[in-house]
Amino acid sequence: MKLLYFAWVRTQIGKSHEEIAKPEGVETVGDLIAHLAGRGAGYASAFARPQTIRAAINQDYVQHDHVLAATDEVALFPPVTGG
Amino acid sequence: MKLLYFAWVRTQIGKSHEEIAKPEGVETVGDLIAHLAGRGAGYASAFARPQTIRAAINQDYVQHDHVLAATDEVALFPPVTGG
Amino acid sequence: MIRITAEPFDPSRELASFGQDPAIGAIATFIGQVRDEHGGGNLMALTLEHYPGMTERKLAELEDDARARWDLSQVLIVHRHGRMEVGETIVLVATASGHRQAALEACQFLIDRLKTDAPFWKLEETKAGNHWVEAKTSDDTAADRWRQ
Amino acid sequence: MIRITAEPFDPSRELASFGQDPAIGAIATFIGQVRDEHGGGNLMALTLEHYPGMTERKLAELEDDARARWDLSQVLIVHRHGRMEVGETIVLVATASGHRQAALEACQFLIDRLKTDAPFWKLEETKAGNHWVEAKTSDDTAADRWRQ
């Protein structure tokens, strides 16, 4: 999977993107966020409140119960503030 | 009174303004319209359907039951279509 | 600010310095222009007659009403009268505010109310002859929204 | 038409040829610009981050939605990203139609939905430091109107 991070998710993790293999036991976006939160201090801070995280799969918004595919582009970010 | 006519009220009467003394028995805008309708063919045509005539006294919209003063500026015209 | 003019005007020139204030975050504009379908697809020109004096007064009242209802930094209304051809600008309404909903709502309010309150009358010139435009019930409905 | 740009842009230049069609009678525009109060009165600059690819896609979807709901002749959305200072334009939305309500409503729809649907994030630079802007509930409410 290709992971993309934006805004304070990006700055807290310290990177804008990375490639990972779909982890064992991770089925949904919510599972992925919980998994990432365990990867270190920056991740733990970025994903401390999962309900504030928005997700897009292959550039479409999805809910946290959306089921992931191994080849998905997954973006994780705070609520948008454009315009 | 100073009378002003606009749009098809003006073109049917054939003049844009005139001064008249407040006629005997004319109290309201409605009375004035009925009076003017009797002044000749152009007037009769302009005021054939009084309910389509809008009025302003001294540059403020009024209803047909508005009571006239001898020194009023009275404008008579169709519904407005600007913008 | 209210401006009534018999001369053609360019909205982008009228707006050249509009909204240039560090407290302004939102600018909404509306432009009405002469379109060919006014006269059923064969409009040649449009002439706007107005009631000098009352026009300025009514538009200034509308600006005051808008400023009382919304927190507006700037308001501009420019309205043409006289004879104009297809594509020429009839009216420009612009509002500027700190916030977007104030600018957008006030702009809509001003053009809706201008349609029913400003003493202008449109005469269409078509190949079939000239005729005065009839007022639309939909304009009354749009303006009435703001009276609730 | 959708344009995303990292360069400053001038709304009047973007609109130079907009709405020039004899069938167009109404043009509505909205401009959002950086104001000093974003950062509590001491904003120095604003940086907009976005999700390249998804941004263009979401804005194109919004244009399609607007065209499906209203009879629009032209639609233009220009959105800036990167770092910008007070007074610089963030976003321009313009709609053109035969009729005024279509242009006005579509313009409001586009900016309301853009606020909640387009993947942009604002970082404010103030004397007290930098911080990410929080999303506003009022923006969700404004966008939700159009989902009814």
Side-chain angles (χ1 to χ4, degrees), chain B residues 1-20 28-30 32-33 36-37 41-83, chain C residues 2 4 30-35 38 46-62 77-82 84 89-93 107-124 129-140 142-143:
Chain B
M1 292 187 294
K2 182 175 188 187
L3 304 186
L4 300 173
Y5 309 122
F6 293 100
W8 52 254
V9 174
R10 173 180 61 74
T11 55
Q12 290 186 16
I13 291 173
K15 60 179 93 166
S16 62
H17 62 277
E18 61 186 316
E19 297 270 352
I20 66 166
T28 66
V29 169
L32 177 65
I33 291 170
L36 291 170
Y43 290 94
S45 158
F47 299 118
R49 291 184 298 143
Q51 72 278 12
T52 62
I53 303 296
R54 299 291 177 268
I57 304 292
N58 305 323
Q59 306 190 355
D60 269 319
Y61 293 108
V62 296
Q63 301 295 317
H64 285 201
D65 61 1
H66 183 92
V67 175
L68 297 165
T71 56
D72 279 342
E73 174 176 303
V74 184
L76 300 171
F77 44 78
V80 303
T81 56
Chain C
I2 306 297
I4 309 296
F30 177 81
I31 292 167
Q33 61 192 28
V34 183
R35 69 193 184 98
H38 268 296
L46 192 67
T47 298
L48 265 101
E49 182 171 334
H50 78 125
Y51 183 172
M54 182 167 169
T55 306
E56 290 81 351
R57 182 180 170 143
K58 283 289 150 194
L59 293 181
E61 281 177 20
L62 286 186
I77 303 174
V78 184
H79 205 300
R80 181 82 185 280
H81 64 97
M84 55 202 88
T89 302
I90 304 167
V91 61
L92 165 66
V93 174
C107 183
Q108 172 111 40
F109 165 86
L110 286 166
I111 186 63
D112 281 350
R113 290 285 303 274
L114 184 155
K115 288 257 175 191
T116 58
D117 290 17
F120 286 96
W121 299 271
K122 287 195 183 98
L123 177 71
E124 293 180 345
N130 296 355
H131 65 272
W132 293 96
V133 173
E134 279 200 53
K136 283 186 276 182
T137 318
S138 60
D139 287 338
D140 291 331

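To find a chain, count down the sequence lines: A is the first, B the second, and so on, and within it residues start at 1.
For B:T11, the part lying under 4.5 angstrom from a heavy atom of chain C is the side chain only. Heavy-atom distances place the backbone of C:H50, and not its side chain, under 4.5 Å from chain B. For chain B, the nearby part of C:E61 is the side chain; its heavy atoms alone come within less than 4.5 Å. In this structure, chain B has no heavy atom under 4.5 Å from any part of C:K136. For C:L123, no part lies under 4.5 angstrom from a heavy atom of chain B.
In this structure a side-chain-to-backbone donor-acceptor pair under 3.5 Å is missing from C:Y51 to B:A56. Using a distance-only test at 3.5 Å, with no hydrogens or angles considered, a donor-acceptor pair links the side chain of B:T81 to the main chain of C:K122.
You'll find the side chain of C:W121 reaches within 4.5 Å of the side chain of B:P78, heavy atoms only. Using a 4.5 Å heavy-atom threshold, the side chains of B:F6 and C:M54 count as separate. With a 4.5 Å cut-off on side-chain heavy atoms, B:D60 and C:R57 count as touching. Contact annotation: the side chain of C:E49 approaches that of B:R10 to within less than 4.5 Å [non-hydrogen atoms, C-beta and beyond].
Scanning all heavy atoms of the two residues, the minimum distance from C:D117 to B:V80 falls at N-CG2, 4.3 Å. When all heavy atoms of C:V91 and B:G83 are compared, the pair lying nearest together is CG1-C, 3.6 Å. Nearest approach of C:K58 to B:Q59, heavy atoms of both residues: CE-O, 3.9 Å.
Between chain C and the residues B:P79, B:S16, B:A7, B:A75, the most heavy-atom pairs under 4.5 angstrom are made by B:A7.
The number of heavy atoms from other shown groups lying within 6.0 Å of CD (B:Q63) does not exceed 12. Annotation: B:E18, atom CD; neighbour count of heavy atoms from other residues, nucleotides and ligands within 6.0 Å is above 12.
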